[in-house]
Amino acid sequence: MPHSILLKNALMLVTMDTQRREIAGGWVLIQDQQIVRVGMADEVPPTADEVMDMSGHVVMPGMVNTHHHMYQTLTRAVPEAQDVSLFGWLRTLYPIWARLTPDMIRVSTCTAMAELILSGCTTSSDHLYLFPNGSRLDDQIEAATTMGMRFHAARGAMSVGESKGGLPPDSLVEDEKTILHDMQRVVETYHDPSRLAMRRIVLAPCSPFSVSRDLMRESAALARATGTRLHTHLAENASDIEYSRATFGMTPAEYAEDTGWLGPDVWHAHCVRLDHAGIERFGRSGTGVAHCPCSNMRLGSGIAPVRHMMAHGVPIGLGVDGSASNDSSHMLTEARQAMLVSRLRDNGDDTPMMGARTVLELATRGGATVLGRDDIGHLSPGMAADLVAFDMRGIEYAGALVDPVAALVFCTPRNVALSIINGQVVVRDGHLLTYDTGMLAERHNRLAHALLNNETLA
């Protein structure tokens with residue numbers, strides 16, 4: 001049955017539309033999966049099947065997460081991995097991740113998505129690049145359907161193990177023919193290129209230190225033949241740069257260009273150490289970047305030159321990265337950290353510091369661009385009905401309502417009061433409707449304990 005929802009009387013309606021309008025007292029009308037009207041306070045709103053009073057709330061587009069490893073919610077705060085940089089962190093966790101099961105993939109995906117949704121995210125990509133013990137990308141896709149989240153599932157891969165000079169153990173890598181065959185399978189089975197699609201597939205060999213140059217080139221060719229996008233890690237820290245120079249005789253950006261991994265259908269995670277020439281390459285080609293400030297700080301990788309990238313036309317979105325290197329999946333927190341670390345990096349520059357509205361734009365329109373979407377990221381007629389509302393009447397925002405939009409970022413990040421994805425209410429009054437979070441946390445903790453202690457659950 002057709003269904004309409006009216007959100008009215010917003011304290012502030014943040015449209016992120018072409019004019020970046022912020023409408024005090026504004027309203028939004030949703031019909032089924034799309035926004036059909038956006039109105040001003042002095043316009044009489046239309047009738048609807050369901051009316052929600054947004055007094056005291058900031059209503060904004062749902063945020064877009066451009067990089068994650070959801071399985072890592074099972075290994076948050078592992079003691080041996082708390083105080084080491086990227087390569088040491090990976091070597092510590094690879095043997096634990098080798099024990100992952102399909103059920104662990106499904107449950108960890110639900111956990112990550114629950115946290116993302118509650119933090120204001122409505123669309124997420126995820127980079128799943130290891131498939132032990134019969135795990136498949138299908139397990140994640142099943143979980144995303146349960147949670148009601150708009151999902152870009154990245155079929156990742158590792159093919160170069162320690163015996164061939166790579167970082168991961170040989171037990172976690174796959175044969176490259178098998179990888180390419182499964183990439184083709186998941187694209188044919190699950191990829192939906194249509195507008196308002198809830199599910200798309202991305203091809204995503206893991207990193208320069210875990211796959212071959214041939215796999216990079218062949219996956220790029222497959223993506224362009226099937227109309228899918230490409231994603232990988234690049235230039236994350238100093239060790240990453242050293243590996244690229246020693247192994248390929250190239251900088252990471254040169255390697256990306258050599259393998260066909262530049263273009264508007266590609267985005268790379270991190271790019272903390274991308275040099276000026278690389279930034280210019282990315283800008284000229286329209287290659288995107290997933291900026292993950294919390295993870296970059298957690299692993300001591302550095303602060304990505306985001307403002308420099310933006311000045312050269314590089315598309316930028318935000319990513320929470322894996323929950324073993326964050327250790328959270330909270331999008332509003334990520335936006336706040338993006339603003340703050342930019343101010344540290346650019347301290348002393350005469351230009352204005354990165355502001356709250358800029359990072360909210362990166363979290364919405366920016367992420368949509370990076371994922372190749374023209375139907376999410378702002379509130380306008382014809383756009384997907386993906387929007388969230390934050391209740392600003394709590395003590396954490398007291399004294400900040402002179403600018404409630406900036407308060408979302410400057411003050412302590414909170415969870416949403418309301419989330420609508422694809423026209424469906426998935427959070428109401430701060431409660432997730434698609435999964436009992438108490439039951440989910442209990443199940444997740446049992447699996448995490450079994451994983452860390454190498455136990456088999458009955």
Side-chain angles (χ1 to χ4, degrees), residues 67-76 78 90-114 116 124-147 149 151-161 166-191 199-207 210-211 215 219 228 231-233 321-325 329 435 440 443-458:
H67 185 64
H68 207 337
H69 307 294
M70 294 181 180
Y71 71 88
Q72 292 181 14
T73 55
L74 292 160
T75 51
R76 301 191 210 212
V78 171
L90 285 168
R91 290 191 177 101
T92 299
L93 292 171
Y94 279 143
I96 299 172
W97 295 337
R99 301 194 290 265
L100 286 165
T101 65
D103 194 37
M104 290 175 180
I105 297 294
R106 286 190 291 269
V107 172
S108 60
T109 299
C110 289
T111 296
M113 288 187 170
L116 285 168
S124 184
S125 175
D126 189 64
H127 191 185
L128 182 60
Y129 56 81
L130 40 77
F131 300 91
N133 308 309
S135 300
R136 302 196 303 167
L137 192 66
D138 310 57
D139 301 314
Q140 276 211 308
I141 292 169
E142 176 187 323
T145 302
T146 298
M147 300 305 292
M149 189 165 215
F151 188 41
H152 286 226
R155 203 305 182 181
M158 298 192 295
S159 65
V160 177
L167 195 70
D170 289 350
S171 62
L172 272 179
V173 303
E174 298 176 274
D175 172 76
E176 294 191 355
K177 288 184 179 178
T178 300
I179 291 167
L180 290 165
H181 177 77
D182 196 56
M183 285 179 171
Q184 181 81 46
R185 178 190 70 83
V186 295
V187 169
E188 292 176 352
T189 305
Y190 295 113
H191 184 63
R199 181 175 61 226
R200 289 186 180 168
I201 300 298
V202 179
L203 305 188
C206 184
S207 61
S210 62
V211 300
L215 183 60
S219 59
T228 50
H231 182 52
T232 192
H233 299 85
D321 200 11
S323 285
S325 68
S329 307
Y435 211 124
L440 177 57
R443 186 180 179 197
H444 185 100
N445 284 328
R446 284 191 287 108
L447 289 172
H449 183 273
L451 178 65
L452 292 171
N453 293 280
N454 199 15
E455 297 174 355
T456 301
L457 288 177

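Side chains are part of it too, since the values below use all heavy atoms of this structure and drop only hydrogens, waters and symmetry mates.
- Distance check, rounded to the nearest 0.5 Å: CZ of Arg155 to CG of Leu137 gives 7.5 Å.
- Counting only heavy atoms from C-beta outward, the side chains of Leu130 and Tyr71 approach each other to under 4.5 Å.
- In this structure, Thr232 contributes its side chain and Ala204 its backbone to no donor-acceptor pair below 3.5 Å.
- Listed here is the closest heavy atom pair of Ile201 and His191: N-ND1, 3.0 Å.
- Of all the heavy atoms in Ser159 and Leu215, the pair that sits closest is OG-CD2, 3.7 Å.
- For the pair Gly322 and Gln72, the tightest heavy-atom approach, listed with the atom from each and the gap, is CA-OE1, 3.2 Å.
- Here His69 contributes atom NE2 and Leu93 contributes atom CG; the two are 11.5 Å apart, rounded to the nearest 0.5 Å.
- Taking all atoms of both residues into account, the shortest heavy-atom contact from Leu447 to Met104 is O-CE, 3.7 Å.
- Residue Asn445 holds its CG atom at 9.5 Å from CG of Leu440, rounded to the nearest 0.5 Å.
- Nearest heavy atom pair, residue Ala157 against residue Val211, reads O-CG1, 3.3 Å.
- In this structure, the side chains of Leu203 and Val187 come closer than 4.5 Å at one or more pairs of heavy atoms.
- A distance of 13.5 Å separates CD of Glu188 from CE of Met183, quoted to the nearest 0.5 Å.
- The nearest pair of heavy atoms linking Leu172 to Tyr94 is CD1-O, 3.5 Å.
- A donor atom on one side chain and an acceptor atom on the other are found under 3.5 Å apart for Tyr435 and Arg443.
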From CA spacing to verdict: side-chain contact (heavy atoms from CB on, under 4.5 Å), Thr146, Thr109: CA-CA 10 Å; Thr146 298; Thr109 299; over 6 Å; no

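- Of the possible donor and acceptor atoms, one in the side chain of His444 sits under 3.5 Å from a partner among the backbone N and O of Thr73.
- Side-chain polar atoms of Tyr190 and Asp138 form a donor-acceptor pair below 3.5 angstrom.
- In this structure, the ring of His231 has its center no less than 6.0 angstrom from the ring center of His152.
- Rounding to the nearest 0.5 Å gives a distance of 6.0 Å between CG of Leu100 and OG of Ser135.
- By the 4.5 Å heavy-atom criterion applied to side chains, Met149 and Ser124 are counted as neighbours.
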Residues Gln140, Ile105; criterion side-chain contact (heavy atoms from CB on, under 4.5 Å); working and verdict: CA-CA 6 Å; Gln140 276 211 308; Ile105 297 294; 3.7 Å; yes

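- No donor-acceptor pair closer than 3.5 Å links the side chain of His233 to the backbone N or O of Ser207.
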Worked verdict on Met70 versus Leu116 for side-chain contact (heavy atoms from CB on, under 4.5 Å): CA-CA 10 Å; Met70 294 181 180; Leu116 285 168; 3.8 Å; yes

Salt bridge (Lys or Arg N to Asp or Glu O under 4.0 Å) between Asp139 and Arg136, intermediate numbers included: CA-CA 6 Å; Asp139 301 314; Arg136 302 196 303 167; 5.7 Å; no

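- Annotation: the span from Asp126 atom CG to Ser329 atom OG amounts to 9.0 Å, rounded to 0.5 Å.
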